[in-house]
*Asks:* 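Below are the structure tokens for one structure; questions will follow.
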Amino acid sequence: MSLSKDANDFLERCVWPRVLTQMERETTYHALYQRELQTGTLICHRQEIADSWIGVMTGFLRVQDTTADGKPFMLTGVAPSGWIGEGSLLKIEPRRYEIVATRPTKTLHLPRATFSWLLDRSIPFNHFMLNHLNERLAQFIGMAKYDRLFGPTARVARGIASLFHPVLYPNSEPALRVSQEELAWMVGVSRQRVNSAVHTLQEEQLIRIGYGSITVLDLQAIAQYV
DNA sequence: TCATTAAATTGTT
DNA sequence: AACAATTTAATGA
């Protein structure tokens, strides 16, 4: 079976393969395939039936929809080590959103057939999936709350915290490659506001700003920032 | 390895 | 939104 070394390293960092039996893991790994996307590539189109569960090895994905007047707006971002699209696999209906790579990105895909096969036979996989969905739900609820109650700096903090979510993105590296522009899209504020927000957060020793990257120094404080 | 250049990103108005 | 400054990545001697 011919997964790249990158893919194997990536899978070792993921949680769900660990809950499978040896046999299930082998079958699953055999079905996985890899894609490399250039900046701006649409990986999932709106209205199409989802055909795979998508893991981000490197890069960054933007999940977006468009408003009535045609302006795209970002729903969330997917950082490396995150998986997206399970919601569209659990039902058979057209996607309501589209997914775009915001930079060169490597993805790993688990085909729908294999995904369903795991759901049908593995209780541990179902437990993983429930937990995964629950964490994502909590994330969206948190986002809605912050949008209504707190100012832009807190929302930026919320956005950063969500990308460092230990369950959704079990990343080993402390630094995340995300530009301030990507953060701005994600949180729904201007890039200028993100710029000033990250400087405020840096002064408070909560994060460190890098060129095209953010390092979280105190995840606990970032997640609760008001 | 170093210097040069282009591209990306940040910082500021 | 526009512009300048800065950092990185790529290229070639």
*Asks:* Between P on dT6(C) and NE2 on His199(A), what's the gap in Å once rounded to a whole number?
*Replies:*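 After rounding, the reported distance stands at 13 Å.
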*Asks:* Do His165(A) and Glu135(A) get their side chains close enough for a donor-acceptor pair, meaning under 3.5 Å?
*Replies:*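 There is such a pair between these side chains.
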*Asks:* Nearest whole Å is fine: how far is dA5(C) C1' from Gln180(A) CD?
*Replies:* 14 Å
*Asks:* Please report, rounded to the nearest Å, how far the C1' atom of dT6(C) is from the CD1 atom of Ile209(A).
*Replies:*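 Rounding to the nearest Å, CD1 of Ile209(A) and C1' of dT6(C) are 14 Å apart.
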*Asks:* Without decimals, in angstroms, what is the distance between Phe60(A) CZ and dT9(B) C1'?
*Replies:* 15 Å
*Asks:* Do Arg155(A) and Tyr146(A) form a cation-pi contact, if we require the NZ or CZ to be under 6.0 Å from the six-membered ring centre and within 45 degrees of the ring's axis?
*Replies:* no
*Asks:* How are the rings of Trp53(A) and Trp16(A) set to each other: parallel, tilted or perpendicular (split at 30° and 60°)?
*Replies:*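 The rings of Trp53(A) and Trp16(A) sit tilted, inter-plane angle from 30° to 60°.
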*Asks:* Relative to the 5' end of DNA chain C, which residue comes earlier, Tyr211(A) or Arg191(A), by the nucleotide with the nearest heavy atom?
*Replies:* Arg191(A)
*Asks:* What is the distance, to the nearest angstrom, from the CG atom on Asn195(A) to the P atom on dT13(B)?
*Replies:*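 Going from CG in Asn195(A) over to P in dT13(B) covers 12 Å.
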*Asks:* Measure the distance from CZ on Arg103(A) to P on dA9(C) and round it to the nearest whole Å.
*Replies:* 11 Å
*Asks:* So that I can tick it off, tell me whether Asp9(A) and Lys5(A) are bridged by a salt bridge, with the cut-off set at under 4.0 angstrom between side-chain N and carboxylate O.
*Replies:* yes
*Asks:* Quickly work out the Arg208(A) CZ to dT10(B) P distance and round it to whole Å.
*Replies:*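 That distance rounds to 16 Å.
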*Asks:* Taking atom P of dT9(B) as reference, at what distance in whole Å does atom CG of Leu183(A) sit?
*Replies:*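 Taking atom P of dT9(B) as the reference, CG of Leu183(A) is at 12 Å.
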